[in-house]
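Computed from a prediction, not measured in an experiment: that's the story for all the values here.
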Amino acid sequence: MEQTQGAVMPKMTRDKKLQTEKRILQLSVFADVCFVAAELLFAFASHSQSVLMDAAYDGAEMLMMAAAVCLTPLFYRPISEKYPFGYAQVESVFTAVKSAMMLSVMAGLTVNVVQTMLSGGAHVAYGAVSMFQLLLGLVSLCILGVMYVGARKVASPILQTEWMAWRLDVLYSMGMAAAFFGANILKDTALAWIAPYVDQVVALLVVAFALPGAAKMFFGAVKDIFLFAPDEKILKQVKEICQPLLRVHGFEPVFYDVTRTGRRMWVSVYFHTERDVISLDCMRQASRQVQKCLREKWDDCVCELVPEQGQA
């Protein structure tokens, strides 16, 4: 039997967030399809290796997001006795796979860029590639804005990884546009020998900027899969929320058991009190207050209060 809405977010709120997330992911998939088609056509017409690499990345991204649209309804299903974590760990696995894909693409791009630099750089139609990348960058920036608003409304690890991917697209496209524009100017000057290497230098800078965020997301998802405690920052926030509320009721927290996977988090607070008898009404009131405050920070958060062993 599924848990009631008291243990998870209300059904109406859950359905609204589900529809918002699905619409944003569907927009992302549609944009990826358009981008891949345009990039493939332009890559074959211009013989641009960087555009072809971008098309391969966006193609892999498109397949992952198409799968995400199908999986998203699972992540909003309430937990049950059969599935005590719901499908949250499926989301953690998906996030780990997607961030690993981003890391592998960055690694492949870096190897490809270094090989191109060692072979003398790349000579392409600098002006045409610059304008094409600028157009892609502007469109990506618009989509990034939509993703940013959606990521704020819905606490979704998938939307966060997708927002990071579109941010990388904006950086890559704008960087490539600037690089090829600069190369187009340099090719007719005494610094013409630099032009073939501009593309690769900017690509390496983009990878260096995006790599830490993708790595952090990957290792965070792996920790969620194995139900490790979240990072110290989250533990500190939980303590700052719980301690003052519990002390008002005469409860002194002694241990926090915090587990997170996907977008869901479980908090067990073990506490000590000087009372010989603990009122159930007092426990319920404290629990409701703590859970309400925690949910203002994390939508899908379940909290329980546990008297220290030896307490009534």
Side-chain angles (χ1 to χ4, degrees), residues 1-21 72-89 91-92 150-157 159-160 220 223-224 227-312:
M1 183 173 62
E2 291 183 344
Q3 286 193 358
T4 63
Q5 62 182 23
V8 291
M9 73 171 69
K11 185 177 185 302
M12 185 178 298
T13 302
R14 187 170 66 242
D15 291 345
K16 184 178 180 180
K17 288 179 179 291
L18 169 60
Q19 293 305 317
T20 299
E21 184 168 353
T72 297
L74 292 178
F75 308 145
Y76 284 86
R77 290 187 181 180
I79 61 178
S80 63
E81 292 179 354
K82 186 176 181 181
Y83 300 103
F85 294 103
Y87 293 88
Q89 283 191 295
E91 184 172 22
S92 296
R152 292 180 62 186
K153 291 182 177 179
V154 182
S156 166
L159 284 187
Q160 291 174 0
K223 287 177 63 177
D224 286 353
L227 302 179
F228 292 160
D231 59 44
E232 190 62 33
K233 180 180 178 181
I234 292 178
L235 291 174
K236 182 179 179 181
Q237 291 174 333
V238 170
K239 292 178 180 180
E240 289 175 349
I241 292 172
C242 294
Q243 280 184 354
L245 293 173
L246 293 178
R247 285 173 177 169
V248 169
H249 296 275
F251 302 155
E252 183 64 33
V254 294
F255 178 72
Y256 292 84
D257 182 8
V258 182
T259 302
R260 188 178 72 169
T261 183
R263 66 192 68 192
R264 289 180 173 164
M265 188 164 73
W266 292 262
V267 178
S268 296
V269 184
Y270 294 80
F271 66 90
H272 169 77
T273 181
E274 297 297 332
R275 303 173 190 173
D276 293 329
V277 178
I278 302 176
S279 167
L280 289 178
D281 286 339
C282 184
M283 282 277 291
R284 292 192 192 100
Q285 185 179 1
S287 180
R288 282 196 296 266
Q289 290 177 352
V290 170
Q291 186 142 280
K292 178 183 177 182
C293 292
L294 288 174
R295 285 182 181 171
E296 290 175 358
K297 185 71 176 178
W298 300 281
D299 287 342
D300 271 326
C301 181
V302 177
C303 179
E304 65 173 348
L305 304 180
V306 184
E308 189 183 31
Q309 189 173 6
Q311 296 292 324

Within a strict 4.5 Å, meaning less than it, do heavy atoms of the Cys242 and Leu294 side chains meet?
yes
Would you name the heavy atoms of Ile278 and Phe251 that are closest together and state the gap between them?
CG2-CZ, 4.0 Å
Could you tell me which residues satisfy side-chain contact (heavy atoms from CB on, under 4.5 Å) with Lys236, sequence neighbours excluded, listed by chain and number?
Glu240
Using side-chain heavy atoms (C-beta onward) and a distance below 4.5 Å, is Trp298 in contact with Gln237?
yes
Distance, nearest 0.5 Å, that separates CG of Leu305 from OG1 of Thr273
12.0 Å
Check ring-ring contact (aromatic ring centres under 6.0 Å, His included) between Tyr256 and all other residues, then give those that pass, not counting sequence neighbours.
none
Run the side-chain contact (heavy atoms from CB on, under 4.5 Å) test against Val306 and tell me which residues pass, sequence neighbours left out.
Tyr270, Glu304
Calculate, to the nearest 0.5 Å, the distance between atoms NZ and CZ belonging to Lys223 and Arg260 respectively.
8.5 Å
Specify the closest pair of heavy atoms between Ser287 and Cys303, including all atoms of both residues, with the distance to one decimal.
OG-O, 4.1 Å
Within the structure provided, determine whether Gln291 and Val302 are in side-chain contact (heavy-atom separation under 4.5 Å).
yes
Kindly indicate whether the side chain of Val267, heavy atoms from C-beta on, has any atom under 4.5 Å from the side chain of Val290.
no
Applying side chain to side chain contact (heavy atoms under 4.5 Å, CB included) to Arg288 and Gln285, what does each step give before you reach the verdict?
CA-CA 5 Å; Arg288 282 196 296 266; Gln285 185 179 1; 4.3 Å; yes
Closest heavy-atom pair and its distance - Arg295, Cys301:
NE-O, 3.2 Å
Which pair of non-hydrogen atoms, one from Ile234 and one from Met265, has the smallest distance, and what is that distance?
CG2-SD, 4.0 Å
In Å, rounded to the nearest 0.5 Å, how long is the span from CG of Leu246 to CD of Gln289?
9.0 Å
